[in-house]
Amino acid sequence: MKSLLRNQAVLLLAVGGMYLLASMLAGTFLNVYLWKSRQDFAMIGWFAVAQQVSLGLSFWLGGKWVKEQNKMNALRLGIAVSGFFYLLVLRLGGESVYYIWPLGLILGLAIGFYWLAFNIVFFEITEAENRDFFNGWMGLLGSCTGIIGPWVSGWLISLWPGERGYRVVFILSLCTYSVAALLSFLLKKRKSEGTYLWLEPWKELSRAESPWRFASGALLFQGLREGVFSFLIGLLVYIAAKEESKLGQFAFITSAVSLVSYYAAGKWFKPKYRLTGMLAGGLLLVAVIVPLLWKISYGTLLIMGIGTSLCLPLYMLPMTSTSFDLMGLSAESAGKRVELVVLRELSLMSGRLLGMFVFIAVLSVTSSPQVITVLMLLLGSAPLGSWLVLHRLLKRSRKWNPS
């Protein structure tokens with residue numbers, strides 16, 4: 001049985017790796033592609049908002065399908081709609097900037113269905129004692145695809161300047177999504193269990209002693225940072241360097257560093273280190289932003305990127321593993337794993353939306369480099385908020401996972 005679970009985990013990692021590679025090939029330069037048509041930070045921000053709204057809704061609405069029907073079809077639909085999104089971008093070309101909301105909603109739908117199904121299957125084929133290990137491997141895959149994807153895309157766009165290079169990249173991404181979809185058919189069909197409880201995420205938060213009150217608060221702080229950083233850093237690198245190849249180089253270097261840090265974290269990071277590691281990671285993630293206070297340049301952004309890649313596993317592994325451990329605390333919580341994954345994503349979405357609304361509001365007044373840097377420093381301090389909210393729960397979790 002354990003051998004079967006391991007084989008399924010390897011297959012799931014393979015599907016996840018191909019999906020991440022396809023996303024990195026095209027997604028790294030998607031915002032740059034939009035920016036070249038219209039230099040508007042607010043437009044990029046609203047595109048991200050549309051994605052998050054759709055992502056949250058697809059998690060909540062798709063929960064019924066994933067719990068009561070075939071969750072593997074939800075995963076495949078997410079991959080298929082991701083490919084459809086890039087077909088639309090290819091068709092619209094530079095006119096895409098006039099369809100920010102529908103495009104954002106489609107991309108959010110694709111991401112939502114894929115990650116909802118992926119997270120549920122991931123929970124089912126891992127256990128508390130090996131979850132950090134597999135999270136480490138997912139981080140490794142993210143780093144490898146982050147090395148290969150942006151570098152290849154940057155090289156192709158430099159080889160074929162203008163619209164043609166982007167079209168080649170988007171087509172290559174479509175082909176990679178197709179490989180991920182084919183691999184997904186090797187995954188074993190998972191059993192459907194129980195009836196989907198639409199209001200369970202809110203009921204769970206209303207329970208006075210629920211540990212998810214702490215976990216959701218910590219996830220909200222996580223989303224506060226990553227909602228803006230997920231699109232702003234790459235855009236700032238392109239604006240500072242004025243070359244797509246430099247953005248590819250930035251992603252190559254930072255992902256290579258991340259590869260090493262996630263490998264080390266996956267090998268040596270144990271549940272008993274989560275509390276200390278998360279605090280250290282949060283403090284270091286703030287420290288690496290400080291050089292930008294003097295100047296936003298390719299060099300200072302690279303320092304921040306390398307520092308972030310080194311420190312992020314210390315923060316992310318406790319965040320990811322703790323919430324998944326909460327789903328397996330009892331037979332009752334395991335039975336509600338779909339609803340709890342939905343709760344996890346809605347908490348992240350709330351933080352991301354809050355961060356992006358703050359970003360759009362501030363940038364609608366001024367877009368000076370100094371203001372952007374201060375805003376990044378404030379939002380970048382959110383991991384410390386996660387630690388403050390979660391530290392009592394992490395102390396308690398040592399009783400669940402003392403190893």
### Task
Show your reasoning for whether side chain to side chain contact (heavy atoms under 4.5 Å, CB included) applies to Leu235 and Trp35.
CA-CA 8 Å; Leu235 200 54; Trp35 177 266; 3.7 Å; yes
### Task
Carefully, step by step, assess Leu302 and Ile253 under the rule side chain to side chain contact (heavy atoms under 4.5 Å, CB included).
CA-CA 8 Å; Leu302 187 59; Ile253 294 170; 4.1 Å; yes
### Task
Would you check, one step at a time, whether the test side chain to side chain contact (heavy atoms under 4.5 Å, CB included) holds for Trp294 with Val290?
CA-CA 8 Å; Trp294 281 270; Val290 173; 3.5 Å; yes
### Message
The test is side chain to side chain contact (heavy atoms under 4.5 Å, CB included); show your working for Leu317 and Arg274 and say whether it passes.
### Response
CA-CA 8 Å; Leu317 290 186; Arg274 287 178 186 174; over 6 Å; no
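No donor-acceptor pair closer than 3.5 Å links the side chain of Ser255 to the backbone N or O of Phe252. A side-chain donor-acceptor contact under 3.5 Å links Ser96 to the backbone of Gly93. In this structure, Ser261 contributes its side chain and Ser258 its backbone to a donor-acceptor pair below 3.5 Å. In terms of modelled atom types and a separation under 3.5 Å, the side chain of Ser309 and the main chain of Thr254 share a donor-acceptor contact. Remark: the backbone N or O of Lys295 is paired with a side-chain donor or acceptor of Thr300 at under 3.5 angstrom. Ser323 contributes a side-chain N or O that, together with a main-chain N or O of Thr320, makes up a donor-acceptor pair within less than 3.5 Å.
For the side-chain contact (heavy atoms from CB on, under 4.5 Å) with Met376, the lone residue among Thr373, Ile372, Val374 that qualifies is Ile372.
Tyr262 has its ring centre no less than 6.0 Å from the ring centre of Trp137.
Between the CD1 atom of Ile106 and the CG atom of Leu88 there is a distance of 5.0 Å, given to the nearest 0.5 Å. In this structure, the separation between CG on Leu77 and CZ on Phe84 is 11.5 Å, given to the nearest 0.5 Å. The OG atom of Ser333 sits 8.5 Å away from the CD atom of Glu204 when rounded to the nearest 0.5 Å. Leu55 contributes atom CG, which lies 4.5 Å from atom CD of Glu345 (distance to the nearest 0.5 angstrom).
Ring orientation note: the planes of Tyr19 and Tyr114 are close to parallel, at an angle under 30° on the 30°/60° scale. Using a 30° and 60° split on the angle between ring planes, Trp115 and Phe118 fall in the perpendicular class, above 60°.
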Atom pairs and distances, donor-acceptor, side-chain atoms in residues 219-231, under 3.5 Å, two or more places apart:
| unit_1 | atom_1 | unit_2 | atom_2 | d |
| --- | --- | --- | --- | --- |
| Gln222 | NE2 | Glu226 | OE1 | 3.2 |
| Glu226 | OE2 | Arg352 | NE | 2.9 |
| Glu226 | OE2 | Arg352 | NH2 | 2.6 |
| Ser230 | OG | Glu226 | O | 3.0 |
| Ser230 | OG | Gly227 | O | 3.1 |

Donor-acceptor list for residues 167-174 side chains, cut-off 3.5 Å, not counting sequence neighbours:
| unit_1 | atom_1 | unit_2 | atom_2 | d |
| --- | --- | --- | --- | --- |
| Arg167 | NH1 | Leu90 | O | 3.0 |
| Ser173 | OG | Ala22 | O | 2.8 |

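Thr28 and Met24 get closest at one heavy-atom pair: OG1-O, 2.7 Å. Contact record, Ala218 with Val389: N-CG1, 3.7 Å, taken as the closest heavy-atom pair. Val371 and Val362 get closest at one heavy-atom pair: CG1-CG1, 3.4 Å. Summarising the geometry of Ala215 relative to Leu390, their closest heavy-atom pair is CA-CD1, 3.9 Å, with the distance given to 0.1 Å. Closest heavy-atom contact between Trp268 and Tyr273: O-CE1, 3.7 Å. Pro383 and Leu285 make their closest contact through CG-CD1, 4.0 Å (heavy atoms, listed as atom of the first residue, atom of the second, distance).
Counting heavy atoms from C-beta outward, Asn119 and Phe324 have side chains that approach closer than 4.5 Å. Looking at Trp212 and Arg344, their side chains come closer than 4.5 Å, going by heavy atoms from C-beta outward. Leu363 places a side-chain heavy atom less than 4.5 Å from the side chain of Leu375. Proximity of Met278 to Thr322: side-chain heavy atoms (C-beta onward) are nowhere separated by under 4.5 Å. Side-chain atoms of Val15 and Leu75, non-hydrogen and from C-beta on, do get closer than 4.5 Å to each other. Looking at heavy atoms from C-beta onward, Arg38 lies out of side-chain contact with Ile100 at the 4.5 angstrom threshold. Between Lys203 and Lys336, the closest side-chain pair of non-hydrogen atoms is not below 4.5 Å. Using a 4.5 Å cut-off on side-chain heavy atoms (C-beta onward), Leu21 and Val179 make no contact.
No side-chain donor-acceptor contact under 3.5 Å links Ser153 and Tyr166. No donor-acceptor contact under 3.5 angstrom links the side chains of Tyr298 and Glu243, judged on distance only.
Applying the side chain to side chain donor-acceptor pair (under 3.5 Å) test to Thr176 and every residue at least two apart in sequence or in another chain returns nothing. Checked against side chain to side chain donor-acceptor pair (under 3.5 Å), Ser386 has the following partners two or more places apart in sequence or in another chain: Tyr315.
Residue pairs meeting the salt bridge (charged side-chain N to carboxylate O under 4.0 Å, His left out) criterion with at least one member in residues 365-391: none, sequence neighbours excluded. Within the structure, salt bridge (charged side-chain N to carboxylate O under 4.0 Å, His left out) pairs that include any residue of residues 62-71 comprise Lys64-Glu68, Lys67-Glu339, Lys71-Glu124 (at least two apart or interchain).
When the shell of 6.0 Å around CZ of Arg207 is examined, it contains more than 12 heavy atoms from other residues, nucleotides or ligands.
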